[in-house]
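Some notes on the structure that comes next.
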Amino acid sequence: PSGTFPTVTLAENGAPALDAPPEGEEPTATVREELIVGTGDTTRAGDYLTMHYTGWKWSDGEQFDSSWDRGAPFSFVQGAQQVITGWDEQLLDIPVGSQVMLVIPPEEAYGDQGELAGETLVFVIDILDAAHDNA
């Protein structure tokens, strides 16, 4: 990690937490920092990704979503526009087993739509599996 963003701590079950709310200037483009580098296959477009994640708002550090809290991983097809742009573009070429932090400005998150409109978002994502599309 660069030290630019909050430090991530892990609960006994592996769920991440931020040690403090984000501070300073929000990035204008998505930033990806590798916190843990896994040893599995690397993710690629078309993969069925399975992951655990937690998200916080940059503005106040408030957690707004967590698959850990729901007790079930989240899955989607990488690059199929099923998730926000920041995820589709930044969860490529990552070894399975990795943990990454994504700091995503509004333009690559929810833009001016919904309850997270205008928010820069911070996610900590654990890549659990990447099922490759062999078609």
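A quick note: this is a predicted structure, and the numbers were derived from the prediction, not measured. Residue numbers run from 1 in the order of the sequence given.
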Spacing of [X] atom [atom1] and [Y] atom [atom2] [to the nearest 0.5 Å]:
| X | Y | atom1 | atom2 | value |
| --- | --- | --- | --- | --- |
| D129 | D41 | CG | CG | 9.0 Å |
| T43 | D93 | OG1 | CG | 6.0 Å |
| L35 | D126 | CG | CG | 8.5 Å |
| L91 | Y53 | CG | OH | 12.0 Å |
| L49 | I125 | CG | CD1 | 9.5 Å |

Residue pair V122, F5: steps toward the side chain to side chain contact (heavy atoms under 4.5 Å, CB included) verdict: CA-CA 9 Å; V122 178; F5 304 114; over 6 Å; no
Expected output: side-chain Q99 to main-chain I36 donor-acceptor under 3.5 Å: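 No; zero donor-acceptor contacts below 3.5 Å.
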D19 side chain to T7 backbone, donor-acceptor under 3.5 Å: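 Between the backbone of T7 and the side chain of D19 there is a qualifying donor-acceptor contact (under 3.5 Å).
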pair [X]-[Y]: side-chain heavy atoms closer than 4.5 Å:
| X | Y | answer |
| --- | --- | --- |
| S59 | E119 | yes |
| D69 | Q63 | yes |
| I84 | F123 | yes |
| W87 | I104 | yes |
| D47 | H132 | yes |
| P106 | T120 | yes |
| Q78 | D88 | yes |
| V8 | M101 | yes |

Looking at [X] and [Y], what are the two nearest heavy atoms and their distance?
| X | Y | answer |
| --- | --- | --- |
| G61 | P22 | CA-CD, 3.9 Å |
| W68 | N13 | CZ3-O, 3.0 Å |
| P95 | V37 | CG-CG1, 4.2 Å |
| S98 | G38 | OG-N, 2.8 Å |
| T28 | P105 | O-CG, 3.6 Å |
| L102 | G86 | CD1-O, 4.0 Å |

If hydrophobic clusters are built from ILVMFWY residues whose side chains come within less than 4.5 Å, do [X] and [Y] share one?
| X | Y | answer |
| --- | --- | --- |
| F64 | W58 | no |
| F76 | V96 | yes |
| V103 | M51 | no |

Partners passing salt bridge (charged side-chain N to carboxylate O under 4.0 Å, His left out) against D60 (at least two apart in sequence or in another chain):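 K57.
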Verdict with supporting geometry, F74 and D65, side chain to side chain contact (heavy atoms under 4.5 Å, CB included): CA-CA 12 Å; F74 175 74; D65 194 12; over 6 Å; no
side-chain hydrogen bond (donor to acceptor under 3.5 Å, both in side chains) between E108 and T30, intermediate numbers included: CA-CA 7 Å; E108 296 176 20; T30 296; 2.3 Å; yes
Candidate pair Q90 and V100, rule side chain to side chain contact (heavy atoms under 4.5 Å, CB included), full reasoning: CA-CA 10 Å; Q90 297 296 323; V100 297; over 6 Å; no
